[in-house]
**Student:** 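Right, I'll just put the structure down here and ask away after.
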Number of protein chains: 2
Amino acid sequence: MSPTIRDVAKKANVGIATVSRVINNNTSVSAETRNAVLTAIEELDYTPNPIARQLSTGRTLTIGVIVPNLTSPSYVERLRGVQTALAESEYHMVLYSVGNPVDRDNYFKELSRNGLVDGILIISLPPNDAQAERFAQSDVPTVLIDAYHEQLCSVLTDDVKGGEMATQHLIDLGHTKIGFLSETLETPFHPSSYYRYQGYRKALTENNIPFDETYRISGASGRMHAREMARQLLAMQIPPSAIFAGNDIQAIGILDTARELQIEVPSELSVIGFDGIRDAEYTNLTTIDQHLHESGEEGVKMLLQELESLSDSPAQKRLALKLVQRNTTRPLIG
Amino acid sequence: MSPTIRDVAKKANVGIATVSRVINNNTSVSAETRNAVLTAIEELDYTPNPIARQLSTGRTLTIGVIVPNLTSPSYVERLRGVQTALAESEYHMVLYSVGNPVDRDNYFKELSRNGLVDGILIISLPPNDAQAERFAQSDVPTVLIDAYHEQLCSVLTDDVKGGEMATQHLIDLGHTKIGFLSETLETPFHPSSYYRYQGYRKALTENNIPFDETYRISGASGRMHAREMARQLLAMQIPPSAIFAGNDIQAIGILDTARELQIEVPSELSVIGFDGIRDAEYTNLTTIDQHLHESGEEGVKMLLQELESLSDSPAQKRLALKLVQRNTTRPLIG
DNA sequence: GTATGATTCGAAACCGGTTCCATAGAACAA
DNA sequence: TTGTTCTATGGAACCGGTTTCGAATCATAC
C-alpha cells in the first residue's frame, strides 16, 4: 500500500501534525524540521490520500454537473465553457448525464443531500418548486445554467426576447409569411422552444402580422426530423418566405431540405436559427447567439463565488443575446 | 449538520455497528432491531456520508475519464458511449479534460497515484512508455480507448487498415488520382491521421498506383482549415478525382469547398471520410465507421472487468471497421 | 443442570488525514 | 534571576463510516 502520513512522520522522527503542517504550508515549522519532512516525503514518494483529506476537511474539491445526455451540440458547448472555467480552479468535475426525468430527479435528490460534491451546476434542467426548495435548503450551493428558479442562482437566456429578435429580424427584412419550426413545445425538460415560440408570436402581434397556425410546425428533435418538417412547410400552397427554427440544428435541417428541393437560400427562402453553435458559423447560418460557452463559464464563476460565501439572495445573471447575421437571411424581394 | 450513524444508533438504542449492518443489508440483524434502525433512519432522514464510506472501504465508486478537450465530435461520441455503459453500473464519472500535453501528463500522474478514482479510462491519448509503466504498476486499473500500449488494456481501432480500406474503396471505384487531406501528421496527441496515411500509402502501393506527394496535404484541424486545404487540392492543374479525408469533419469541409467551387459530388469528385460521426450520416458522407460509441462502451466493460479482478496480461480489443457507402463516392466515369 | 453451538450485537480499532490544545524551550524584558 | 511571551512541536481527538472480535443470549443436546 501507499505510505501514509504516519509513515512519513516515523521516518522523519516528527509527529504527524508536523507532517500535516508541512504538507499544507503551515508556517510554524522550523526550516530544519521542514526539510527533514520533505526528504522523508520524497524518499517514500508520499502523496496525501485525498479521500482522507476530504473527510477531515469536509471539502471534496468536486463539483457535480448535471446535464442532459450530450445529445445536442448546445449542451456540449455549455459543458466546454464549464470545463474551461473549472480548469483554472482547484475543483474537479463529476458529470451526471441524465437521459430521462427519473434520472434527473434521482440526481437532484442524491446530490443535494450528502456531501458528495461541494457544489452543483445544473445545465438546461429546470427544477420544480419542491426540488428548488431542496437545493435552496441544502448546504451545497447550486447554480442553474439555462434555467430559472427564483430560489436559486442562475445564468439564463431570455428565450422569449430571442424569439422576438429572430422574428423581428425577418420582419425587418420584409417577410410576413414567417414559419416557425421547433421541437415539441411540451417537453419534460427545458421548454426553451416554447419560450422562443412566444417571442415569435409577440413579434408578429407587435407588427400586426396575423398568426397563421399552419405556419407553425413542431415535432421530434434532431436534424432529420427538422428536414421532414421543413418539407411539409415548404410543400404548402403558399409556403413561408422565411422560417425561424427553434435551434440551429433544426435550422440546418431546413437548409438541407431547401437544397434538396432546390429552393435557394436566402434568395427564395430566409432561415434563422437560435443558439450560436459552431456549425452555425460553418454553414453561414444567421442565428441568435446566446453565448453558450460563456454561459458555462459564468455558471462556474457564480458557483465559485457562492462557495466562497453563500449569498442570501440568489444571484441572477442574464446573458445578452446577439443577432448574428450571415448568409441565410436577406430582404424579401417583390 | 446532517445526522451521522451515531445519531441513528443513539435514537434506535443500538450500537453503530448494527446500524452499519442494516445499511449494508448484512443478514445477521434480527427483524426487530432492523425495524427500529430503519425507523430511526427514516425519522432522521439519514443518509450515509459517502466520503466516510469511501475512506473506510477504500472504494470511491468513481472512475476518472481523461479525454482531449471536447473539440472533436468523435471524442464526444466516445464519451457518450462511456456514459451509456457507466450509467448501468454503480460508478460515477469524473471528467478530466486535457487541452495540452502538460495537462495530460499531470492528470496521468495524479490519477495513477492516489486513490481519487477506482479506475481510469483514457480516450485518444496514448501514454509514453514511462507513463504506461506507471499505470501498469499502479493499483488503479487503466484502460485505453483508441490508443495502444502493450502494457495496458485497450480498445482500439486499426487506423492503418481503415486508411487502406478507404483508399481501396476509391481504387475499386476506378480512381487513381486520389488525394489525402488530414491534420498535421506530427501531433503531440494521438497520431491516428498518420496511421491512416500509412494505410493510404499501403493501398496505393498494393495497387501499383504511384504516390504523388502533391496530392497529400495536411494542416490544422477543423472544418475551416479543411476547406482551405481542399481549395488548394482542387485548384491543381490535374486535381484528384477522389479525396480521402483523415476524418469526417475534414471530409465535410471538403464537401463545403466542392459546393463552393460548384464541383459536383460524387459525379465530379468522390470524397470519403473516417470516423462515422453523426454528421456523416446527415451529410450522406461515405466513411469508415469505427464505432465510436461502441468503443466507449467496450472500454467501460473492460474496465469494470478489470475492477472485478485484475487480470495479469492486459486485454486488448480491436473494434471492427466498417465501410459505410453513402452518396459521396461513386465509380469514376471515363 | 451443564455443555455446545448458533445468533445477535456492541465496543473498539481502523481508514488517513486535519486541528485543537498543551507543553517544552528559546527569547526577551525587567 | 525570574517572569512573560512566543515559537515549534507532538499527543490526541475528530471527521463518519466499516469491520474485527469477543461477549451475551438463546436454543438444543446430553
Side-chain angles (χ1 to χ4, degrees), chain A residues 1-41 44-62 90 110 113-118 139-140, chain B residues 1-41 44-62 90 110 113-118 139-140:
Chain A
M1 284 310 294
S2 351
T4 74
I5 197 171
R6 284 158 231 269
D7 298 327
V8 176
K10 197 172 293 174
K11 180 142 203 156
N13 272 318
V14 298
I16 56 167
T18 302
V19 177
S20 179
R21 287 189 193 101
V22 171
I23 295 169
N24 297 296
N25 282 318
N26 191 310
T27 46
S28 113
V29 178
S30 73
E32 197 181 358
T33 337
R34 153 166 285 116
N35 282 332
V37 171
L38 287 178
T39 60
I41 288 179
L44 291 173
D45 190 28
Y46 165 80
T47 39
N49 179 320
I51 305 295
R53 190 175 249 174
Q54 286 173 29
L55 179 60
S56 92
T57 60
R59 301 179 68 200
T60 63
L61 294 185
T62 290
E90 50 181 347
E110 191 182 330
R113 187 189 280 278
N114 48 39
L116 204 50
V117 297
D118 290 346
D139 35 29
V140 16
Chain B
M1 282 312 295
S2 350
T4 75
I5 197 171
R6 284 158 229 269
D7 298 327
V8 176
K10 197 172 293 174
K11 180 143 202 154
N13 270 320
V14 298
I16 57 167
T18 302
V19 178
S20 178
R21 288 192 190 97
V22 171
I23 295 171
N24 297 296
N25 284 317
N26 191 308
T27 45
S28 101
V29 178
S30 74
E32 196 180 359
T33 338
R34 154 166 284 115
N35 281 332
V37 171
L38 286 177
T39 59
I41 287 178
L44 292 173
D45 188 29
Y46 165 80
T47 40
N49 179 318
I51 305 296
R53 190 175 251 175
Q54 287 173 28
L55 179 59
S56 93
T57 59
R59 300 179 69 200
T60 62
L61 293 185
T62 291
E90 52 182 347
E110 191 181 329
R113 186 189 282 278
N114 48 37
L116 204 50
V117 297
D118 290 346
D139 34 30
V140 17

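Remember, it's a predicted structure, so these values are computed and weren't measured experimentally. Chain identifiers are assigned alphabetically (A, B, ...) following the order of the sequence lines, protein sequences preceding nucleic acid strands; residue numbering begins at 1 within each chain.
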**Student:** How close do B:T60 and B:G115 get, heavy atom to heavy atom, and via which atoms?
**Tutor:**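 Residues B:T60 and B:G115, closest heavy atoms: CG2-O, 3.3 Å.
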
**Student:** What's the closest nucleotide to the A:S28 side chain, out of D:dA8, C:dG16, D:dG17?
**Tutor:** D:dA8

**Student:** Tell me the interatomic distance from A:I16, atom CD1, to D:dC14, atom P, rounded to whole angstroms.
**Tutor:**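 Result: 14 Å.
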
**Student:** Does A:N49 have any side-chain hydrogen bond (donor to acceptor under 3.5 Å, both in side chains) partners at least two apart in sequence or in another chain, and if so, which?
**Tutor:**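 A:N49: no side-chain hydrogen bond (donor to acceptor under 3.5 Å, both in side chains) contacts found.
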
**Student:** With sequence neighbours excluded, tell me which residues meet side-chain contact (heavy atoms from CB on, under 4.5 Å) with A:L55.
**Tutor:** B:I51, B:A52, B:L55

**Student:** What's the CG-C1' distance between B:N49 and C:dC15, to the nearest Å?
**Tutor:** 13 Å

**Student:** Which sits closer to the 5' end of DNA chain C, B:T18 or A:P48, going by the nucleotide each is nearest to?
**Tutor:** B:T18

**Student:** Nearest 0.5 angstrom please: B:R113 CZ to A:D45 CG, how far?
**Tutor:**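 It comes to 4.5 Å.
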
**Student:** Decide yes or no for A:V37 and A:E32: does some side-chain heavy atom of the first lie under 4.5 Å from some side-chain heavy atom of the second?
**Tutor:**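 Not touching, per the 4.5 Å side-chain cut-off.
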
**Student:** Whole Å only: how far is the CG atom of B:L55 from the P atom of C:dC15?
**Tutor:** 9 Å

**Student:** At under 4.0 Å between heavy atoms, what does B:S20 touch on the DNA or RNA strands: base, sugar-phosphate, or nothing?
**Tutor:**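 Contact class for B:S20: base.
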
**Student:** Below 3.5 Å between N/O atoms, which protein atoms pair up with nucleotides 20-28 of chain C? Just atom names and distances, please.
**Tutor:**
none

**Student:** A:I23 has an atom CD1; how far is it from atom C1' of C:dT18, in whole Å?
**Tutor:**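 Distance, rounded to whole Å: 10 Å.
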
**Student:** Can you list everything that forms a side-chain contact (heavy atoms from CB on, under 4.5 Å) with A:A36? Sequence neighbours excluded, please.
**Tutor:** none

**Student:** Measure CG/B:L44 against P/D:dG16 and give the value in whole Å, please.
**Tutor:**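 Between P of D:dG16 and CG of B:L44: 14 Å.
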
**Student:** How would you list, by chain and number, every residue that makes a side-chain contact (heavy atoms from CB on, under 4.5 Å) with A:I23, sequence neighbours excluded?
**Tutor:**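 A:I23: side-chain contact (heavy atoms from CB on, under 4.5 Å) contacts with A:I5, A:V19, A:I41, A:Y46, A:P48, A:R53.
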
**Student:** Phosphate oxygens OP1/OP2 of C:dC9: is one of them under 4.0 Å from a side-chain N or O of B:S30?
**Tutor:**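 For C:dC9, OP1 or OP2 has a side-chain N or O of B:S30 closer than 4.0 Å.
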
**Student:** Could you pull out all residues at least two apart from A:T33 that satisfy side-chain hydrogen bond (donor to acceptor under 3.5 Å, both in side chains)?
**Tutor:** A:S30

**Student:** State which residues pass side-chain hydrogen bond (donor to acceptor under 3.5 Å, both in side chains) with B:E90; sequence neighbours excluded, sorted by chain then number.
**Tutor:** B:R59

**Student:** Can you give me the bend angle of the helix from C:dG1-D:dC30 to C:dA30-D:dT1? Use the axis through the first five pairs and the one through the last five, nearest 10 degrees.
**Tutor:** 60°

**Student:** Over how many whole Å does the gap from A:I51 atom CD1 to C:dT18 atom P extend?
**Tutor:** 13 Å

**Student:** For A:D7, enumerate each residue passing the side-chain hydrogen bond (donor to acceptor under 3.5 Å, both in side chains) test, keeping only those at least two apart in sequence or located in another chain.
**Tutor:** none

**Student:** At a heavy-atom distance below 4.0 Å, what parts of residues 2-14 of chain A sit against DNA chain D?
**Tutor:**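 A:N13, A:V14, in order of number.
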
**Student:** Quickly work out the B:R53 CZ to C:dG16 P distance and round it to whole Å.
**Tutor:**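 Going from B:R53 (CZ) to C:dG16 (P), I get 18 Å.
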
**Student:** Over how many whole Å does the gap from B:R34 atom CZ to C:dT7 atom P extend?
**Tutor:**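 Rounded to whole Å, this separation is 15 Å.
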
**Student:** Quick one: salt bridge (Lys or Arg N to Asp or Glu O under 4.0 Å) pairs with a partner in residues 11-25 of chain B, sequence neighbours left out?
**Tutor:**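 Non-adjacent pairs meeting salt bridge (Lys or Arg N to Asp or Glu O under 4.0 Å): B:K11-B:E43.
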
**Student:** If the condition is salt bridge (Lys or Arg N to Asp or Glu O under 4.0 Å), which residues does A:D139 pass it with, not counting sequence neighbours?
**Tutor:**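 For A:D139, no residue satisfies salt bridge (Lys or Arg N to Asp or Glu O under 4.0 Å) once neighbours in sequence are set aside.
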
**Student:** Whether A:S56 contacts C:dT19 is assessed here as follows: a side-chain N or O lying under 4.0 Å from the phosphate OP1 or OP2. Is that the case?
**Tutor:** no

**Student:** On the nucleotide D:dT18, are OP1 or OP2 found under 4.0 Å from the side-chain N or O atoms that B:N24 carries?
**Tutor:**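 It does, given that an N or O in the side chain of B:N24 lies less than 4.0 Å from OP1 or OP2 of D:dT18.
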
